[in-house]
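Take a look at the structure below.
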2 protein chains.
Amino acid sequence: MQRRSKKAAIINAASQLLVEVGYESMSPAMVLARSGAGKGSLYHFFSGKKQLALAALQNMAEEMKADLQELLDDEQLTAFGKIDQYLARKRDGMAGCRIGRLANEGAFLDGELRAPMQDYFRFVLQQMQVLVGQCVEDDTFAADTPVEHIASLIVASVQGGYVNSKAVADGEQISMATGALRVLLKTYCVK
Amino acid sequence: MQRRSKKAAIINAASQLLVEVGYESMSPAMVLARSGAGKGSLYHFFSGKKQLALAALQNMAEEMKADLQELLDDEQLTAFGKIDQYLARKRDGMAGCRIGRLANEGAFLDGELRAPMQDYFRFVLQQMQVLVGQCVEDDTFAADTPVEHIASLIVASVQGGYVNSKAVADGEQISMATGALRVLLKTYCVK
DNA sequence: GTCTATACACAGATAGAC
DNA sequence: GTCTATCTGTGTATAGAC
């Protein structure tokens with residue numbers, strides 16, 4: 001047994017390909033070519049394409065959650081500041097959200113594959129709800145809109161920004177959408 | 001030559017399938033099964049899957065543009081009222097945008113296939129820009145944000161709402177996002 | 001114009017050697 | 001654990017009859 005098996009390389013290649021081409025278009029052959037492994041290795045570690053994608057997805061979701069958590073843990077920022085920073089993050093519109101870009105693939109109607117996606121989105125929505133709730137609490141926001149609606153819009157501006165970027169082939173679309181929301185939320189603040 | 005050939009049936013079936021399963025997962029066999037035509041008919045009218053999808057897409061785009069145009073032509077509504085009505089439209093979150101849901105498929109990197117999608121999105125973005133511009137003009141909105149940013153956010157709230165809905169399997173997500181934006185835009189109005 | 005029968009490539013998975 | 005060789009099903013397209 002090697003110290004670092006091909007397993008990690010395979011998962012890594014799969015993660016990249018899920019972002020680049022999606023699930024249905026990702027063939028085992030592509031994964032093997034990129035990871036430098038043979039078919040045997042893939043089917044030694046995973047029962048099939050689905051289980052491989054599952055492992056890759058769970059990896060990505062953990063990374064992205066940790067990324068958000070880092071922002072949430074920033075003691076320097078107010079709740080509103082965290083929302084603002086989240087929206088202000090630099091994003092590659094033409095790449096798409098690593099997880100959200102898979103939402104329309106038929107394979108994700110399957111409960112098992114959808115689980116990590118659903119889990120990730122619920123986490124982000126939930127955390128945004130908490131932040132918006134804190135803004136209401138400390139009178140930054142008026143309490144005239146359900147917190148989960150605002151949270152939903154925040155996430156939608158990012159996901160929709162990615163879609164717009166891809167659709168018109170303009171990477172700037174996403175920052176235009178999130179930027180506009182930053183302004184609107186600032187205006188929404190009860191000064 | 002029949003008065004109503006199988007061509008329309010084939011395009012119609014393809015349109016449905018593009019929404020339901022997407023482009024890559026839509027096989028000629030599925031199109032034929034649903035349309036009741038034989039393989040020969042399909043390849044008689046279209047040079048291949050791509051040209052068929054193109055025809056179906058152009059059909060859909062025209063329909064959806066006409067749908068929006070109807071709202072734009074409503075003499076009863078102010079520019080702001082039109083934006084508000086656009087956001088308030090009833091949408092099936094679990095179905096997804098007929099065109100936007102294809103944005104992440106690799107086949108749409110191809111210029112020919114992307115054209116109708118790009119065209120549709122540009123149209124909607126452009127029309128929203130005009131409406132927002134009118135709102136600035138008549139002092140409904142402050143002029144402190146570029147009109148194309150607000151327009152981008154409006155479209156993103158819809159597209160992102162669809163993504164959220166699919167991701168968490170909750171059809172209400174989209175109306176939560178667009179609903180929140182309606183409130184924010186109302187607050188943004190210079191009263 | 002519409003059909004059935006057929007060809008070809010490749011995605012997905014298995015067998016078994018090393 | 002890792003590899004190569006192989007098998008099967010199906011997506012995509014063509015040929016050619018009716």
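Quantities reported herein were computed from a predicted structural model and do not represent experimental measurements.
Near-neighbour residues of DNA chain C inside residues 102-109 of chain A, defined by a heavy atom below 4.0 Å, are absent.
The one candidate from Arg114(B), Gln58(B), Lys65(B) that meets the side chain to side chain donor-acceptor pair (under 3.5 Å) condition with Asp119(B) is Lys65(B).
Atom-to-atom, CE of Met30(A) to C1' of dC10(C) comes out at 13 Å; the value is rounded to the nearest Å. Distance Leu17(B) CG to dG11(D) P: 12 Å, rounded to the nearest Å. Rounded to an integer number of Å, the gap from Leu32(B) CG to dT2(C) P is 12 Å. We find that NE2 of His44(B) is positioned 22 Å from P of dT12(D), with the value rounded to whole Å. One atom, CG of Leu42(B), and another, P of dT12(D), lie 11 Å apart when rounded to the nearest Å.
The side chain of Ser41(A) lies closest to dT2(D), out of dT2(D), dT2(C), dG11(D).
A salt bridge links Asp67(A) with Arg89(A); the closest basic N to acidic carboxylate O contact falls under 4.0 Å.
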Task: Under 4.0 Å protein heavy-atom contact, by nucleotide of nucleotides 12-18 of chain C - B base, S sugar-phosphate only - done: SBB----
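One distance of note links CG of Leu102(B) with CG of Leu113(B); it measures 9.0 Å at 0.5 Å rounding.
Taking the ring axis of Tyr86(B) as reference, the NZ or CZ atom of Arg91(B) stays within 45° of it and closer than 6.0 Å to the ring centre. The cationic atom of Lys50(A) (NZ for Lys, CZ for Arg) does not lie both less than 6.0 Å from the six-membered ring centre of Tyr23(A) and within 45° of the ring axis.
Note on Val130(B): it does not cluster hydrophobically with Ile154(B), by side-chain heavy-atom contacts below 4.5 Å among ILVMFWY residues.
For Gln69(B), the CD atom sits in a packed shell: over 12 heavy atoms of surrounding residues, nucleotides or ligands are nearer than 6.0 Å. Annotation for Gln51(B): atom CD counts as buried by contact number, over 12 foreign heavy atoms lying within 6.0 Å.
Contact annotation: Lys6(B) side-chain N/O to dC3(C) OP1/OP2 distance is under 4.0 Å.
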